[in-house]
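Working notes, structure below.
Just so you know, ligand 1 is whichever comes first in the structure, and atom 1 is the first atom listed for that ligand.
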Amino acid sequence: MKIKKGDNVVVISGKDRGKKGKVLTALPRERKLAVEGVNMRKKHVRAKRAGQKGQIVQMPGVFSVSAVMLVCAKCGKGVRAGYKVQGGKKIRICKKCGAGI
Ligand SMILES: [Zn+2]
């Protein structure tokens, strides 16, 4: 999986198409991730102690990594990512402009 936690991505399919956000959780084994403000789910939280109220909180749900693309800061949009070895280190690059992401 080319996308990691903290990356900026853009959603390319589904109801949140076009939304940009930061990756909050990455699950490489399941090829899924959660992105800030995308695929918001309502979660009902029970009161844990007496006197406390149960509430509904919104949180981003995980979805397939194939629904997003990495955003290249130079191109300013979603791009495909590739890898390049530079100075003995493997770096991730934008396939369009060649800049490191
Ligand atoms: Zn680029």
### Task
Kindly give the cluster partners of Val68, where membership spreads through any ILVMFWY side chain lying under 4.5 Å from a current member.
Met1, Ile3, Val9, Val11, Val23, Leu33, Val35, Val38, Phe63, Val65, Leu70, Val79, Ile101

### Message
Test your reading of the model: is there a side-chain donor-acceptor pair from Lys2 to the backbone of Ala81, 3.5 Å cut-off?
### Response
yes

### Summary
Pro60 and Ala34 have their tightest heavy-atom pair at O-CB, 4.3 Å

### Message
According to side chain to side chain donor-acceptor pair (under 3.5 Å), does anything in residues 9-31 pair up with another residue at least two apart or in another chain? List the pairs.
### Response
Asp16-Lys19

### Query
What heavy-atom pair brings Gly78 and Val10 nearest, and what distance separates the two atoms?
CA-CG1, 3.5 Å

### Of the protein N/O/S atoms, how many lie under 2.8 Å from the Zn ion (ligand 1)
4

### Message
Can you list everything that forms a side chain to side chain donor-acceptor pair (under 3.5 Å) with Arg80? Sequence neighbours excluded, please.
### Response
none

